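Here the structure is a predicted model, which is why all the values come from computation and not from measurement.
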Amino acid sequence: MDLSTTETQDMLRDTLAKFLADTYGFEARQKMIDSPEGRDPGIWKALSSELGLTCAPFAEELGGMGGGAIENMIMMEELGKVIAIEPWLQTVVAGGGALSAAGGPLAEATIPQIISGDCLIAFAYAEPQGRYNLADIGTTAKQDGAGFVLNGHKAVVYAAPWATHLLVTARTGGSRRERDGVELFLVDANSPGISRRDYPTVDGFRASEVYLENVAIPGEALLAGGIDLIEQVADQCTMALCAEATGIARTMLAQTVEYTRQRKQFGQPIGKFQSLQHRMADMLVEAEQIASMSLMGTLRLGEDAVVRKTAVSAAKAKVARSLKFVGQSAIQTHGGIGITMELGIGHYFKRSTMIENQFGSADYHLERYEALTMVD
């Protein structure tokens with residue numbers, strides 16, 4: 001199997017890396033986070049309409065470059081290197097992935113808007129009681145003529161304060177936790193009956209508690225596919241997070257190595273101490289394992305459901321534990337200064353901590369892996 005990237009993929013990586021190097025320095029990122037909106041909208045417009053990077057994973061007939069999961073992996077890794085607060089995961093991976101899989105007139109109308117940067121999507125799937133069970137849905141979608149009426153509460157919806165649309169999971173039938181009856185809807189974020197409580201997250205992003213009260217939506221808002229589509233989208237998001245973790249882990253390692261070259265103790269750089277050399281060697285091994293597992297899981301996203309889920313859970317379980325090791329080792333090596341607001345390594349550690357539990361913790365994915373591979 002040829003695991004090398006194509007010339008086009010290398011060009012995409014280089015283009016994004018150069019752009020982020022010019023626009024996403026540590027101080028620039030802090031200014032974005034501290035601004036009232038929590039972001040610089042011009043960055044997303046540049047990524048989409050100026051650089052044309054948002055077209056990479058979409059089909060050519062919809063205005064894309066004909067790429068897919070590998071292109072998302074490349075983009076997310078580069079975004080992870082600067083812990084970017086851009087909604088690529090929510091808009092391109094989740095929203096674009098769901099629309100591409102469902103197809104139809106809604107996808108044909110919305111994907112070009114994603115590519116142009118005019119459509120921002122937030123994935124509203126989590127509920128306070130749900131934990132990691134995607135079928136544990138209390139939000140309802142009741143048939144009302146040709147359309148539906150939504151009622152419910154969605155928790156920690158990343159990018160909701162900026163979104164033009166919400167990708168909402170809701171139950172059209174069945175009982176709580178039952179797989180049948182769970183559907184996916186694309187909803188205008190400004191629809192009457194939608195209210196939000198916005199807040200900053202610990203990793204610098206913005207999220208919302210989203211409340212749906214008698215929100216009337218057209219029947220065309222339903223994306224065909226049910227719980228199978230929702231699980232597919234969640235797995236795509238999980239692997240995109242693993243790719244982001246690759247960029248974060250490699251950057252934390254690089255910053256730690258650089259710090260040990262500068263920090264002196266007993267008249268010499270602490271990087272010369274053998275115990276710290278061993279620790280950084282272990283960090284390198286774990287960082288490369290994150291990259292390898294991310295690639296393995298991403299390559300399996302197009303397989304049948306069992307193979308896909310097994311590969312994704314194996315990857316996320318390993319990535320979560322390895323990222324925790326790299327992050328804790330980086331902070332321990334830096335000492336107290338590592339958790340101050342003034343040093344970048346602490347911000348990388350915060351983001352890595354959030355990634356460990358998004359779309360399933362290591363324990364959750366180990367249990368799912370066991371269930372999928374258990375032989376009667």
Side-chain angles (χ1 to χ4, degrees), residues 1 3 69-70 72-74 76-77 79-80 83 89 93-94 97 123 125-126 130-136 156 158 177 179 202-203 227-228 230-253 279 281-332 348-376:
M1 179 183 294
L3 298 180
I70 294 296
N72 276 327
M73 181 190 76
I74 291 170
M76 288 296 294
E77 181 179 342
L79 292 169
I83 44 177
L89 175 71
V93 180
F123 190 14
Y125 69 95
R131 294 292 292 169
Y132 304 125
N133 186 352
L134 296 172
D136 192 343
V156 198
Y158 268 65
R177 299 193 185 94
R179 291 175 59 85
V202 69
D203 52 355
I227 189 66
D228 292 333
I230 296 168
E231 290 179 338
Q232 178 181 332
V233 172
D235 283 344
Q236 291 170 347
C237 290
T238 302
M239 293 318 306
L241 281 175
C242 290
E244 183 185 358
T246 300
I248 290 173
R250 285 175 168 168
T251 302
M252 286 195 294
L253 172 61
R279 174 176 291 180
D282 291 339
M283 290 173 65
L284 173 61
V285 170
E286 296 297 334
E288 290 307 306
Q289 287 183 343
I290 290 172
S292 297
M293 294 300 289
S294 296
L295 178 59
M296 181 278 294
T298 301
L299 291 172
R300 293 289 184 267
L301 286 175
E303 303 286 345
D304 68 78
V306 173
V307 173
R308 184 196 76 229
K309 292 177 183 179
T310 302
V312 168
S313 284
K316 184 56 161 57
K318 176 57 182 173
V319 167
R321 293 192 170 181
S322 293
L323 189 60
K324 183 176 183 178
F325 174 83
V326 173
Q328 290 182 343
S329 297
I331 294 297
Q332 290 165 4
Y348 282 87
F349 182 68
K350 288 178 182 179
R351 179 61 191 142
S352 68
T353 301
M354 296 297 286
I355 288 176
E356 288 176 35
N357 293 293
Q358 282 184 281
F359 292 99
S361 64
D363 289 343
Y364 166 80
H365 280 286
L366 286 172
E367 290 177 3
R368 189 171 83 148
Y369 181 87
E370 180 183 17
L372 290 166
T373 57
M374 187 177 296
V375 179
D376 294 333

Taking all atoms of both residues into account, what is the closest heavy-atom pair of [X] and [Y], and its distance?
X      : Y      : value
Ala314 : Met296 : CB-CE, 4.5 Å
Val326 : Ala249 : CG1-O, 3.9 Å
Ile248 : Gly80  : CG1-O, 3.2 Å
Arg300 : Val307 : CD-CG1, 3.9 Å
Ser322 : Gln289 : OG-OE1, 4.2 Å
Val319 : Cys242 : CG2-SG, 3.8 Å

Show me the pairs that pass side-chain hydrogen bond (donor to acceptor under 3.5 Å, both in side chains) and involve residues 352-361, at least two apart or across chains. Arg351-Gln358

Atom [atom1] in [X], atom [atom2] in [Y]: separation rounded to 0.5 Å?
X      : Y      : atom1 : atom2 : value
Thr238 : Leu89  : OG1   : CG    : 9.0 Å
Leu323 : Ile290 : CG    : CD1   : 5.0 Å
Leu134 : Phe359 : CG    : CZ    : 8.5 Å
Ser313 : Glu367 : OG    : CD    : 10.5 Å
Glu303 : Asp235 : CD    : CG    : 13.0 Å
Gln232 : Cys237 : CD    : SG    : 11.0 Å

Looking only at atom types and distance, does a side-chain atom of Lys316 sit under 3.5 Å from a main-chain N or O of Gly360, one as donor and one as acceptor? yes

Test item: Thr298 side-chain N/O and Ile70 main-chain N/O as donor-acceptor pair under 3.5 Å: no

Stepwise side chain to side chain contact (heavy atoms under 4.5 Å, CB included) check, Tyr158 with Asp203: CA-CA 11 Å; Tyr158 268 65; Asp203 52 355; 3.1 Å; yes

Can you check side chain to side chain contact (heavy atoms under 4.5 Å, CB included) on Glu244 and Ile355, steps first, answer last? CA-CA 9 Å; Glu244 183 185 358; Ile355 288 176; 3.8 Å; yes

With sequence neighbours left out, write down each residue that passes salt bridge (Lys or Arg N to Asp or Glu O under 4.0 Å) with Lys350, or none if nothing qualifies. none

If you count the non-hydrogen atoms of other residues, nucleotides and ligands that lie under 6.0 Å from OH in Tyr369, is the total more than 12? no

Walk me through it: do Met354 and Val156 pass the test side chain to side chain contact (heavy atoms under 4.5 Å, CB included)? CA-CA 12 Å; Met354 296 297 286; Val156 198; 5.8 Å; no

Out of the candidates Arg179, Gln236, Arg308, only one should pair with Glu231 under the side-chain hydrogen bond (donor to acceptor under 3.5 Å, both in side chains) rule; please name it. Arg179

Side-chain touch Val312/Leu301, heavy atoms, less than 4.5 angstrom: yes

Could you tell me if the side chain of Glu77 sits less than 4.5 Å from the side chain of Arg250, heavy atoms only? yes

Answer yes or no: is there an ion pair linking Lys309 with Asp304, defined by an N-O contact shorter than 4.0 Å? no

Residue pair Ile230, Tyr125: steps toward the side chain to side chain contact (heavy atoms under 4.5 Å, CB included) verdict: CA-CA 9 Å; Ile230 296 168; Tyr125 69 95; 5.6 Å; no

Going by side-chain contact (heavy atoms from CB on, under 4.5 Å), name the residues that satisfy it together with Ala243, two or more places apart in sequence or in a different chain. Met73, Met76

Evaluate salt bridge (Lys or Arg N to Asp or Glu O under 4.0 Å) for Glu286 paired with Lys318, printing each intermediate quantity in order. CA-CA 9 Å; Glu286 296 297 334; Lys318 176 57 182 173; 3.1 Å; yes

